[in-house]
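Below: the structure, in structure tokens.
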There are 2 protein chains.
Amino acid sequence: MRKQEDRASVMSYIRYAWTTLKERCKNTSMTTDKPSFQPLYQQIRTLLAQRIAQGEWAAHEALPSEWALAESLGVSQGTVRKALTDLVDEGWLYRQQGKGTFVAPGLNEWGDGHLVTPGQFAEPPGSPVPELLSCTRANASEDIAQALSLRRAAPLFRVRLLWRLAGVAVALDDAYVPVGRFEEIDARRLRQYGNSLYTLLERRDGVRVRLGAIQARATLPDRETMTLLGLSDVEPLLMITRLGQALTGEVVEWRERLCRSARWAFQREP
Amino acid sequence: MRKQEDRASVMSYIRYAWTTLKERCKNTSMTTDKPSFQPLYQQIRTLLAQRIAQGEWAAHEALPSEWALAESLGVSQGTVRKALTDLVDEGWLYRQQGKGTFVAPGLNEWGDGHLVTPGQFAEPPGSPVPELLSCTRANASEDIAQALSLRRAAPLFRVRLLWRLAGVAVALDDAYVPVGRFEEIDARRLRQYGNSLYTLLERRDGVRVRLGAIQARATLPDRETMTLLGLSDVEPLLMITRLGQALTGEVVEWRERLCRSARWAFQREP
DNA sequence: CAGTGGTCTAGACCACTAT
DNA sequence: TAGTGGTCTAGACCACTGT
């Protein structure tokens, strides 16, 4: 009880001191030198996202500590923390208590769902492995042109991938990106980046792709698809169409995926 | 500049005062009277979620203000705020600046995806309308028993719904919930709650359902499905299987949905 | 105008990690 | 032991909503 009283007396002095401080500092430049059209933590979030996208830190490299960032940016640690939390939620960073905050590796081209045995919600098997089939040019359909904000029949790069799970072909991807938006894309260049379109766009063009909206439906395969997937009989396929976005929200990729779904289901967590 | 110096001098005193305070209060009960096996904000989050689930506040009713909650719970407003933010992220609450924090309405039984024209990522049409077809009993398959942590062939309630979009049948639902876990469920009781299983479970049994894992695949319909959906020809269907969880994480529902997907795609935002 | 959520600060202490 | 992220507090001010 005595301690509590001591504490109270100290607290009251602190309160007094703060009030005095406030009075003294009124109408000074203390607060006015911060632009406030956008919350500070969002400005910092954007700034850090840009610095990450420009490769200032490699994947799995640690950022400066929250306190160091706070000092260099002239804000408090709590504000930096809020910005970092947002970036963690968006998949740009990951944190390890006691160690630091690290840059997350680039987006897996497979996406965030995984293949499982239908009806089994427990054990996710290993992710499928991609195999580059071709990299050609194509013209945008009306849907693609609209989604990517291009003019009709605009030129596109088309990257075709075959996904294998334990050696078995399970999915076929066609990824489309605008021609003018990036440097040249071809099979040779893709090979330099491990056959990963996203790795190439991030390392070479400085554009980090994150997943946008996704659509799912059921279809029947055409002859070409059956050949590429090695189907001997017609079976219904799960067709997934999804968009890829840059940091700015700009849609930079349209991807169509056909999945064999007799033996696998596409599972996403909540 | 002078103001800065004044500020610094006050700050140094505050720092000294805090240090003194810390020394004086060391080894007192200041901190030990808080259980800390779990972060405070998580305890508060759980407590509030329970109070919401028990119907302490109706849907769209305002909670006490952050400051009022903080005082009644004996924590700071920042801690309450963090708990509320989590609950907002999980869909329990929504906030309106300047007005208050409100209880979100119960989960829509359709779920969080919506039906759109394939390839059109822009305009989501109105949500489908449910129609109760039947409410019967069934026995759990192995998959269902495993997902719901039941013994094999355990008794289940089976609620069958038909979804219509602009009058056209677009999807067929079979929802399964364990028999012993809830009070009796039948068509009459469901009608009392607007044909909504989730509304019944929330209002009557005090169990609020949130979406769990979701699987998608493509199938062909059997005769019964064709009849119920009014299909004249065989067409591939999108089959969605998803789990419903209670607040505690307990899986309380298995739901299978067959969607016509020639004219509609199932879209989810990132 | 008062009340509410939204942002920001400065500080403290804890838990975890590495040396 | 030092450094890092994780939690918590107490206070301030702002923006928005209603009366």
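Note that the structure is predicted; figures quoted are calculated from it, not measured. Scope of the values below: all heavy atoms of this structure, side chains included, with no hydrogens, waters or symmetry mates. Note on naming: letters A, B, ... go to the chains in the order of the sequence lines (proteins, then strands), and numbering restarts at 1 for each one.
- Side-chain atoms of A/Glu253 never come within 3.5 Å of backbone atoms of A/Ala175 as a donor-acceptor pair (strictly under, hydrogens ignored).
- Put simply, the side chain of B/Phe182 reaches to within 4.5 Å of the side chain of B/Val207, judged on heavy atoms.
- Between the CG atom of A/Leu40 and the P atom of D/dA15 there is a distance of 13 Å, given to the nearest Å.
- The OH-C1' distance, from B/Tyr41 to D/dG5, rounds to 12 Å in whole Å.
- Using cut-offs of 30° and 60° for the angle between ring planes, the B/Trp110 and B/Phe266 rings count as tilted.
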Find every protein N or O atom lying less than 3.5 Å from an N or O atom of nucleotides 17-19 of chain C, and list the pairs.
| from | atom 1 | to | atom 2 | distance (Å) |
| --- | --- | --- | --- | --- |
| C/dA18 | OP1 | A/Lys99 | NZ | 3.1 |

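- Closest approach to the A/Ser65 side chain among C/dG5, D/dT4, C/dG11 is made by D/dT4 (side chain taken as heavy atoms from C-beta onward).
- Set against C/dT9, C/dT7, D/dG5, the side chain of A/Thr79 has C/dT9 as its closest nucleotide.
- The side chain of A/Trp67 sits closest to C/dG11 out of C/dG11, C/dC8, D/dC8.
- Candidate nucleotides D/dG5, C/dG5, C/dC8 were compared by shortest atom distance to the side chain of B/Arg95, and C/dG5 ranks first.
- Looking at residues two or more places apart in sequence or on another chain, you find a side-chain contact (heavy atoms from CB on, under 4.5 Å) between A/Asp173 and A/Leu161, A/Trp163, A/Arg255, A/Arg257.
- Not a single donor-acceptor pair under 3.5 Å links the side chain of B/Thr79 to the backbone N or O of B/Val75.
- Contact check of residues 85-93 of chain B against DNA chain D (heavy atom, cut-off under 4.0 Å) returns no residues at all.
- A salt bridge links B/Arg95 to B/Glu66: one of the charged nitrogens lies within less than 4.0 Å of a carboxylate oxygen.
- With hydrogens and angles ignored, the 3.5 Å screen pairs no side-chain donor or acceptor of A/Arg204 with any backbone N or O of A/Thr199.
- Protein atom CG of B/Leu63 is 12 Å distant from nucleotide atom P of C/dT4, rounded to whole Å.
- Look at CD1 on A/Ile44: it is 8 Å from P on C/dC8, rounded to the nearest Å.
- The phosphate of D/dG6 (OP1 or OP2) has a side-chain N or O of A/Arg81 nearer than 4.0 angstrom.
- One finds no side-chain N or O of B/Ser76 lying less than 4.0 angstrom from the OP1 or OP2 phosphate oxygen of D/dA10.
- When the P atom of D/dA10 is taken as reference, atom CG of B/Leu73 falls 14 Å away, rounded to whole Å.
- Atom CZ of A/Arg45 is separated from atom P of C/dC8 by 14 Å (rounded to the nearest Å).
- Rounded to whole Å, the distance from CD on A/Gln43 to P on C/dT7 is 12 Å.
- Each of D/dG5, C/dG6, D/dT9 was ranked by its minimum atom distance to the side chain of B/Val75; first place goes to D/dT9.
- A distance of 10.0 Å separates OG1 of A/Thr241 from CD of B/Gln267, quoted to the nearest 0.5 Å.
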Original post:
Is there a side chain to side chain donor-acceptor pair (under 3.5 Å) between B/Tyr193 and B/Glu202 once you walk through the steps?
Top reply: CA-CA 10 Å; B/Tyr193 294 93; B/Glu202 178 173 346; over 6 Å; no
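- Of all nucleotides listed (C/dC8, C/dG5, D/dG5), C/dG5 comes nearest to the side chain of B/Thr101.
- If you take CD of B/Gln77 and C1' of C/dT9, they are 13 Å apart, rounded to a whole angstrom.
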Original post:
Does the pair B/Leu201 and B/Val209 meet the rule for a side-chain contact (heavy atoms from CB on, under 4.5 Å), with working shown?
Top reply: CA-CA 8 Å; B/Leu201 293 180; B/Val209 181; 4.0 Å; yes
